[in-house]
Amino acid sequence: MASELRTLLVGYGYAGKTFHAPLLRATPGIKLTHVASSQAAQVKQQLGNDVTVMADYLAAVQLADIDLVVIASPNDSHAPLAELALRAGKHVVVDKPFALTFKEATALTALATEQKLLLSVFHNRRFDADFLSLQHLLSSAQLGQVAHLESRFDRFRPQVRQRWREQAGPGAGLWFDLGPHLLDQSLVLFGLPHSITASLKTVRPDATATDWFSVLLDYGHFSVTLGASMLAAAPSARFTLQAQHGNWQKFGLDIQEDQLKQGLTPADAGWGIEPQPGLLYQADHVTPYSPAVGCYQHYYAAIVAAINGKGPNPVPPQQACNVMQLLELAEQSAAVGRTLPVIAAQ
C-alpha cells in the first residue's frame, strides 16, 4: 500500500463538496487525486488542477491507480458503484444510505468480505458533539434508567426544491435522507429494537417524496421516537432524554456542517465546539451539560488506520445493514399501518 491512499471521490454534489472533499483533504494518509463529476470547472476551481476530473463514473471507480473510492453520488447509484469498485480491488466508503435495500447492502457486505477489502458507510453523525455528549451521559448512568429518547432533525423549507433528494424516486425523500442518521445513532446507543411503528407523510402541497416522519422504536422498558419535518419553523429540541433521575435536552444542530459550508476545517479554532450547550434537568436545578466536541475528522482518520491494519473500521458494513433493515421495515410499517417486529438478520 502506498504511503498515502490515492483516493477517488465519486460525485461532487452537496455531500461530495461539503463533507467528503474537505475532510479527505484534511486527513493525513489520504491524497484526493480524482473526482468523478460532470462539473469539471467547479471541481477544478475549488480543488485545484492537481485533481483529475472524470465524467464517467463507471470508468473512474475501476482506475488502476486508485486505492480508496468514496461514493457520494445519488442514492440509487450507491450499490452498483460500490460493487464495481470492490470488484476492481478498491477499498470503499459509501455515503449514507448504504444502498436502496437491505438485500443490496448484505450482498455488498459479503462481497467486501470475499475480496478482503474495507467497506464502510459514512455515518458521520456518530461524531456530532451533541450525540457524543449524549453517549457520555448515558454511560455515566447519572440519570438512571432511560424512559424515552426523542431524536429530531427538523427544517423549515416550505417550498419543494428541484433536487433529487426532494423528488419522487428510489432513495429520495426525508426518510432516506435523515432517517439513516437517526436510526444509526439509536442503534449505536441501544442496539436493535424489538419493534418499529412508522408514519411517513407528504405534507407540503407540491411534495412528491416523504417530507415528514415519526418513527417509534420499542425497546421494551423504554422507547425511542425519531422525527423530522420540512415544516418546522418553531425551534424544536434535537434531543430530549427522559430518565429516572432527570432529563437532558439539546437545541440546535451540530455546528460542523455549517463550519464546512463556511470553508472551515478541523484545523480551525473552534471546530466542533457547541455554541448552544445541552441542559441537564435534575430535581430543582438546571446545569449545562455538553462535554464533547464534534470530530468528523475522526472518521477518515479511522479509515486510514483500518486500511493499514492499525485499527477497526469506524462503521462496519454489518452495522449499516441494520440501518437498512430498519429503513425498509419503517416503510413497510407505514404502508400497512401497524407495528412490525424487528428480527435480527442472520
Side-chain angles (χ1 to χ4, degrees), residues 19 22-23 26-28 96 122-154 178 180-191 217 219 221-228 235-262 264-303 305 311-316 319 323:
F19 290 97
L23 292 173
T27 303
K96 61 79 204 164
F122 187 66
H123 280 301
N124 59 304
R125 294 198 174 272
R126 294 187 182 193
F127 305 92
D128 280 0
D130 49 17
F131 176 69
L132 293 169
S133 291
L134 175 57
Q135 266 191 304
H136 187 274
L137 178 61
L138 289 170
S139 64
S140 75
Q142 60 183 290
L143 290 185
Q145 178 61 53
V146 172
H148 183 252
L149 174 67
E150 183 169 12
S151 174
R152 299 196 60 83
F153 208 126
D154 287 324
L178 300 182
H181 288 315
L182 302 183
L183 285 170
D184 182 66
Q185 288 181 334
S186 187
L187 290 171
V188 169
L189 294 176
F190 306 120
L217 307 179
Y219 284 90
H221 59 279
F222 69 96
S223 60
V224 175
T225 302
L226 310 177
S236 56
R238 172 67 182 88
F239 289 110
T240 302
L241 175 70
Q242 298 176 354
Q244 182 183 1
H245 303 309
N247 288 191
W248 181 73
Q249 192 167 53
K250 173 68 176 67
F251 281 82
L253 295 177
D254 178 89
I255 198 173
Q256 293 172 93
E257 181 172 355
D258 280 344
Q259 290 180 316
L260 287 166
K261 284 158 68 174
Q262 294 162 20
L264 301 177
T265 75
D268 288 301
W271 177 265
I273 296 174
E274 285 284 6
Q276 192 174 1
L279 296 175
L280 199 56
Y281 296 81
Q282 292 175 285
D284 57 353
H285 59 280
V286 182
T287 53
Y289 186 93
S290 285
V293 174
C295 52
Y296 287 172
Q297 66 273 21
H298 287 184
Y299 177 82
Y300 276 116
I303 290 293
N313 185 338
V315 184
Q319 294 177 5
V323 173

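Note that this is a predicted model, so its numbers are computed, not measured. Throughout, numbering of the chain's residues begins at 1 and tracks the sequence.
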| message | The test is side-chain hydrogen bond (donor to acceptor under 3.5 Å, both in side chains); show your working for Gln319 and Arg126 and say whether it passes. | response | CA-CA 12 Å; Gln319 294 177 5; Arg126 294 187 182 193; 2.7 Å; yes
| Got Val315 and Phe122 here, is their nearest side-chain heavy-atom distance under 4.5 Å? | no
| remark: Heavy-atom nearest pair, Ala292 first then Leu132, reads CB-CB, 3.5 Å
| message | Main chain of Gln276, side chain of Lys250: is a donor-acceptor contact present, judged purely on distance under 3.5 Å? | response | yes
| Do His148 and Thr225 have side-chain heavy atoms sitting under 4.5 Å apart? | yes
| Is a donor on one side and an acceptor on the other found under 3.5 Å between the side chain of Gln185 and the backbone of Arg125? | yes
| request: Find out whether Leu189 and Val224 are in side-chain contact, i.e. whether some heavy atom of one side chain is under 4.5 Å from a heavy atom of the other. | output: no
| request: Give a yes or no answer on whether the side chain of Gln256 reaches the backbone of Cys295 with a donor-acceptor pair at less than 3.5 Å. | output: yes
| Do Phe131 and Asp254 have side-chain heavy atoms sitting under 4.5 Å apart? | no
| message | Please check if the number of heavy atoms outside His245 that lie under 6.0 Å from its NE2 is greater than 12. | response | yes
| query | In Å and rounded to the nearest 0.5 Å, what is the CZ to CZ distance from Arg238 to Phe153? | reply | 6.0 Å
| Would a 4.5 Å heavy-atom cut-off, applied to side chains only, mark Ile255 and Ile273 as touching? | no
| Can you say whether the rings of Tyr299 and Phe127 are parallel (under 30°), tilted (30 to 60°) or perpendicular (over 60°)? | perpendicular
| task | Let me see the working for Leu138 and Leu241 under side-chain contact (heavy atoms from CB on, under 4.5 Å), right down to the final yes or no. | result | CA-CA 10 Å; Leu138 289 170; Leu241 175 70; 3.9 Å; yes
| field | Ser223 side, atom OG; Glu150 side, atom CD - distance, nearest 0.5 Å | value | 10.0 Å
| Got a second to check how far Ser133's OG is from Leu280's CG, nearest 0.5 Å? | 11.0 Å
| request: Could you tell me the separation between the CD atom of Gln259 and the CH2 atom of Trp271, rounded to the nearest 0.5 Å? | output: 5.0 Å
| Looking at CG of Leu137 and CG of Leu143, how far apart are the two atoms once the value is rounded to the nearest 0.5 Å? | 4.5 Å
| query | How many angstroms lie between atom CG of Leu253 and atom CG of Asp130, to the nearest 0.5 angstrom? | reply | 7.5 Å
| Just by modelled atom types, is the Glu257 backbone N or O under 3.5 Å from a matching donor or acceptor in the Tyr296 side chain? | no
| field | Any donor-acceptor N/O pair, Gln145 side chain to Phe222 backbone, under 3.5 Å | value | no
